[in-house]
Amino acid sequence: CNQDGSHVIALELAKNSLFGTFPPHIALLGPIERLNFSRNELLWGDLPEDLGSLYNLKVLDLSKCSRLRNAPPSIGDLSSLEVLLVNSSSIVLPRQLENLSNLRHL
């Protein structure tokens with residue numbers, strides 16, 4: 001949470017044996033800065049389109065999520081994104097990734 005406890009700024013769900021599709025309404029998290037879903041090999045399917053609405057997101061870790069497939073074009077709207085980890089995953093990244101001028105680690 002942030003300093004006054006009003007917003008979640010980081011969600012660490014690495015290695016939690018999550019099963020099913022990636023949360024479809026992830027944008028409801030609002031001003032989150034860090035999402036870590038790494039090592040959840042039972043998450044499958046495409047990433048949701050509203051992922052691109054997380055404008056404050058700086059770190060997105062989807063490494064070792066081998067059943068996740070396609071990142072939406074809206075991922076190119078994550079203007080604050082600095083780190084995107086997709087190693088050991090099968091995620092296809094769209095060309096809109098080129099729009100991310102703050103991305104320093106892929």
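The first residue of the sequence shown is numbered 1, and numbering continues consecutively from there. The figures here come from the full heavy-atom set of this structure, side chains too, leaving out hydrogens, waters and symmetry mates. Predicted, not measured: the structure shown is a model, and the values here were computed from it.
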> Does any non-hydrogen side-chain atom of P72 lie less than 4.5 Å from one of D46?
Replying inline: no

> Are V59 and L35 side-chain neighbours, meaning at least one heavy-atom pair lies under 4.5 Å?
Replying inline: no

>> Side chains of L54 and I26, heavy atoms from C-beta outward: is any pair under 4.5 Å?
In response: yes

> Between D61 and S63, is there a donor-acceptor pair closer than 3.5 Å when you use the side chain of the first and the backbone of the second?
Replying inline: yes

> How long is the gap from NZ on K58 to CD1 on I9, to the nearest 0.5 Å?
Replying inline: 9.0 Å

>> Tell me if the CZ atom of R67 is crowded by more than 12 foreign heavy atoms within 6.0 Å.
In response: no

> Which ILVMFWY residues can you reach from V92 by hopping between side chains whose heavy atoms are under 4.5 Å apart?
Replying inline: none

>> So N102 and L81, do their side chains get closer than 4.5 Å, heavy atoms only?
In response: no

> Is a side-chain N or O of R104 found less than 3.5 angstrom from the main chain of S101, in a donor-acceptor match?
Replying inline: no

>> Are I32 and L11 packed together at the side-chain level, in the sense that at least one heavy-atom pair is separated by less than 4.5 angstrom?
In response: yes

> Is any side-chain heavy atom of R34 less than 4.5 Å from a side-chain heavy atom of E12?
Replying inline: yes

> E49: what forms a salt bridge (charged side-chain N to carboxylate O under 4.0 Å, His left out) with it, not counting sequence neighbours?
Replying inline: none

> Under 4.5 Å between any side-chain heavy atoms of L60 and L51, yes or no?
Replying inline: yes

>> Rounded to the nearest 0.5 Å, what separates atom CG in L43 from atom OG in S89?
In response: 11.5 Å

>> Return the CG to CG distance between L29 and L57, rounded to the nearest 0.5 Å.
In response: 9.5 Å

>> Pair I91, N70 - check side chain to side chain contact (heavy atoms under 4.5 Å, CB included), show working.
In response: CA-CA 5 Å; I91 298 171; N70 296 303; over 6 Å; no

>> With a 4.5 Å cut-off on side-chain heavy-atom distances among I, L, V, M, F, W and Y, is there a chain of contacts connecting L85 to L103?
In response: no

>> Give me the atom names and distance for the closest heavy-atom approach of P48 to P24.
In response: CB-O, 3.6 Å

>> For the NZ atom of K15 and the OG atom of S38, what is their distance to the nearest 0.5 Å?
In response: 9.5 Å

> Quick one: does L62's side chain get under 4.5 Å of L47's, heavy atoms only?
Replying inline: yes

> Is N40 reaching over with its side chain to a backbone N or O of L18, donor-acceptor style, under 3.5 angstrom?
Replying inline: yes

> Got a second to check how far L100's CG is from D77's CG, nearest 0.5 Å?
Replying inline: 8.5 Å

> What are the two closest heavy atoms between A71 and P94, and how far apart are they?
Replying inline: O-CD, 3.6 Å

> So how far is it from S74 OG to N99 CG, rounded to the nearest 0.5 Å?
Replying inline: 11.5 Å

> For residues 21-80, which residue pairs qualify under ring pair (Phe, Tyr, Trp, His ring centres under 6.0 Å), counting only residues two or more places apart or in two chains?
Replying inline: F22-F37

